[in-house]
Amino acid sequence: MTSVSPETRDWLRRLVALDTTSRDSNLPLIELVADHVRGLGLTPHVFPTPDGAKANLVVTVPDADDNTSGGVMLSGHTDVVPVDGQAWTSDPFELTKRDGRLYGRGTADMKGFNAVVIAALPELLAQPLRQPVHLAFSYDEEVGCQGAPPMVDALAELGLAPEVTFVGEPTSMRMICAHKSINVIRIAVRGVAAHSSLTDQGVNAIEHAASIIRWWRERCDRWRDEGPYDEGYPIAHTTGAVTLISGGNGVNIIPAEADVALEFRAIAEVDDAAVIAELEAACAQVEATMRDEDPAASVTVTVETSTVGLETPLDAPAVRLGEALGLEPLPDKVTYGTEAGIYSDAGISAVVCGPGDIAQAHKADEFIEISQLAACEEFVGRLIAHLRA
């Protein structure tokens, strides 16, 4: 039976035990890893958020000449999604083995990858390397890749300039070269309250929000019906949806407030900024109509998340290195987003490759196959051998 090293399993146990749900701090995990790398003689570079509640972590293993610039980055996020309301059959924050699988929140997405690369640090240090290797652990990927842009800034501040990055999201150790962008937008519609029998005295925020929702549905349908299309994706067109709505505070009150959240995931041919501008223009028209009823009314559009897509050419450095390490560049493009697009946009050649199946992510009884962790260990071992001076 395929096995995984005791070091990787122990690190996965420790990482899973730390509840790093995005709404909470990831600092206990960052501090745990930072203390470990200090013990190995390395310097952890911790970059806290402005409020100090969370942090990114960068660790570099220099090359044989003690250079730290360039090389390969192994990238993972530290946060996980909530377990609230999910029917787990075991403690989500206790690593549990059953039938060749390890269960726990984050095992697949993506503490399994993190555990493998942390456990590999002693072997990396034992080798004279031709190029440096960087470990990058970010915060708040699950809520819009919010830690990746500051990570790019941190890498620049440290002068590291990695040439290639493998982002270890769960791909069953397949090399993924493209994914859609993700944009999350919130719209606050503010009308004027009145008694429901006096409709002329109020401005109905819910009804005006509904007109925005109808406009958005029609926009999304045009992508489905008219394209553009990219047949590499399981859904070949840009997609969009309204995902949250709230409003009103009584059945006999004209509602003064309605809030709408929507998202879209775009293929490369679609200009995300142009879509957002189109939406803002539609909302401005609704606002003008509302203000004809009462000047106090308003519509506010907030882009909460805008994460660029990934389109790495098959002759890019990351793909060539992946091939040299035994990975095959697959034509598959994925609809979920990752931090890889942000790193690629910053000039770091990026692909997505990590252990586990994305189908297990975010679910109750999330698990990773032990064989997947072993495959990731073998991949990292081949990387170390490839970089040996």
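It should be emphasised that the depicted structure is a prediction, and the values quoted were computed from it without experimental measurement.
If you take CZ on Arg190 and CG on Asp294, they are separated by 15.0 Å, rounding to the nearest 0.5 Å. Here NZ of Lys111 is found 12.0 Å from CZ of Phe137. Values are rounded to the nearest 0.5 Å. Rounding to the nearest 0.5 angstrom, the gap separating the CD atom in Glu218 from the CZ atom in Arg222 is 7.5 Å. For the atom pair CG (Asp357) and CZ (Arg174), the distance works out to 8.0 Å, reported to the nearest 0.5 Å. Atom OH of Tyr233 sits about 11.5 Å away from atom CZ of Arg265, to the nearest 0.5 Å. Note that CD of Gln360 is 10.0 Å distant from CD1 of Ile368, once rounded to the nearest 0.5 Å.
Note: the hydrophobic cluster containing Trp223 also contains Trp215 (ILVMFWY, side chain heavy atoms under 4.5 Å, direct or indirect links). Using a 4.5 Å cut-off between side-chain heavy atoms of Ile, Leu, Val, Met, Phe, Trp and Tyr, with links allowed through other members, Leu155 and Val72 fall into different hydrophobic clusters. Met73 is not connected to Val133 by any chain of hydrophobic side-chain contacts under 4.5 Å among Ile, Leu, Val, Met, Phe, Trp and Tyr, and they are in different clusters. Val83 and Leu29 end up in different hydrophobic clusters when Ile, Leu, Val, Met, Phe, Trp and Tyr side chains are linked at under 4.5 Å. Met175 and Val167 fall into different hydrophobic clusters, where Ile, Leu, Val, Met, Phe, Trp and Tyr are joined by side-chain heavy atoms under 4.5 Å apart, directly or via other members.
At least one side-chain heavy atom of Ser211 sits under 4.5 Å from a side-chain heavy atom of Arg214. Looking only at side-chain heavy atoms (C-beta outward), Val319 and Thr312 come within less than 4.5 Å of each other. With contacts defined as side-chain heavy-atom distances shorter than 4.5 Å, the pair Phe166/Leu327 qualifies. Counting heavy atoms from C-beta outward, Asp91 and Thr96 have side chains that stay 4.5 Å or more apart. Side-chain contact between Val308 and Ile342 is present, with heavy atoms from C-beta onward closer than 4.5 Å. Using a 4.5 Å heavy-atom threshold, the side chains of Arg14 and Ile118 count as separate. Two residues are said to be in side-chain contact when any heavy atoms from C-beta on lie closer than 4.5 Å; Leu121 and Leu135 meet this criterion. Here the side chains of Thr335 and Thr239 are not in contact, with every heavy-atom distance at 4.5 Å or above.
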Which side-chain N or O atoms in residues 381-389 pair as donor and acceptor under 3.5 Å with protein atoms at least two apart or in another chain?
from   : atom 1 : to     : atom 2 : distance (Å)
Arg382 : NE     : Leu325 : O      : 2.6
Arg382 : NH2    : Leu325 : O      : 3.1
Arg388 : NE     : Gln127 : OE1    : 2.7

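Contacts classified as ring-ring contact (aromatic ring centres under 6.0 Å, His included) and involving residues 33-54 (residues at least two apart or in different chains) are given here: Trp11-His36. Applying the side chain to side chain donor-acceptor pair (under 3.5 Å) rule to pairs touching residues 63-79 yields Ser22-Asp79, Asn26-Thr78, Asp63-Asn67, His77-Asp79, His77-Asp109, His77-Glu141, His77-Glu169, sequence neighbours excluded.
Nearest heavy-atom pair, Cys353 versus Phe113, reported as atom, atom and distance to 0.1 Å: O-CE1, 4.2 Å. Closest approach of Ala350 to Leu310, counting heavy atoms only: O-CD1, 3.9 Å. Closest non-hydrogen pair, Ala87 versus Ala364, comes out as O-CB, 3.7 Å. Between Ala120 and Val380, the shortest heavy-atom contact is CB-CG1, 3.7 Å. The shortest heavy-atom contact between His237 and Tyr229 is CB-CD2, 3.9 Å. The two residues Ala209 and Val260 make their nearest non-hydrogen contact at CB-CG2, 4.0 Å.
Side-chain N or O atoms of Ser138 include none that pairs as donor or acceptor with a backbone N or O of Asn56 at under 3.5 Å. Of the possible polar contacts, none joining the Ser349 side chain to the Glu163 backbone as a donor-acceptor pair under 3.5 Å is found. Looking at Thr243, its side chain never comes within 3.5 Å of a backbone N or O of Ala241 through a donor-acceptor pair. Between the Ser25 side chain and the Ala53 main chain, a donor and an acceptor come within less than 3.5 Å of each other. Side-chain atoms of Asp272 never come within 3.5 Å of backbone atoms of Ala266 as a donor-acceptor pair (strictly under, hydrogens ignored). No side-chain donor-acceptor contact under 3.5 Å links Thr8 to the backbone of Ser5. Judged purely by atom type and a 3.5 angstrom limit, Gln372 has no side-chain atom pairing as donor or acceptor with the backbone of Pro355. At least one donor-acceptor pair closer than 3.5 Å links the side chain of Arg291 to the backbone N or O of Ala297. The backbone N or O of Tyr139 sits nowhere less than 3.5 Å from a side-chain atom of Lys54 that would complete a donor-acceptor pair. Under a 3.5 Å cut-off, the side chain of Arg320 and the backbone N or O of Asp315 do form a donor-acceptor pair.
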Checklist line | Verdict with supporting geometry, Leu262 and Leu279, side-chain contact (heavy atoms from CB on, under 4.5 Å) | finding: CA-CA 11 Å; Leu262 55 84; Leu279 173 63; 4.0 Å; yes
Next item on the list: Could you go through the side-chain contact (heavy atoms from CB on, under 4.5 Å) check for Leu125 and Leu40 one step at a time?
Entry: CA-CA 8 Å; Leu125 284 165; Leu40 295 173; 3.7 Å; yes
Next item on the list: Determine, stepwise, if the pair Glu287 / Ser298 fulfils side-chain contact (heavy atoms from CB on, under 4.5 Å).
Entry: CA-CA 5 Å; Glu287 181 182 68; Ser298 66; 3.7 Å; yes
Next item on the list: Apply the test side-chain contact (heavy atoms from CB on, under 4.5 Å) to residues Val192 and Ile254: give CA-CA distance (whole Å), side-chain angles for both, the deciding distance (0.1 Å), then the verdict.
Entry: CA-CA 7 Å; Val192 177; Ile254 299 298; over 6 Å; no
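Side-chain contact of Arg105 with Gln86: a donor-acceptor pair under 3.5 Å is present, judged by distance alone. Ser306 and Asn183 form a side-chain donor-acceptor contact under 3.5 Å, judged by distance and modelled atom types alone.
Counting heavy-atom neighbours within 6.0 Å of Ile235 CD1, excluding the residue itself, gives a total of 12 or less.
Partners of Thr89 by side-chain contact (heavy atoms from CB on, under 4.5 Å), not counting sequence neighbours, listed by chain and number: Arg98, Asp365. Residues that satisfy the salt bridge (Lys or Arg N to Asp or Glu O under 4.0 Å) test with Arg13, not counting sequence neighbours, are Asp10.
Hydrophobic cluster of Leu314: no remaining members, since no ILVMFWY side chain lies below 4.5 Å from it.
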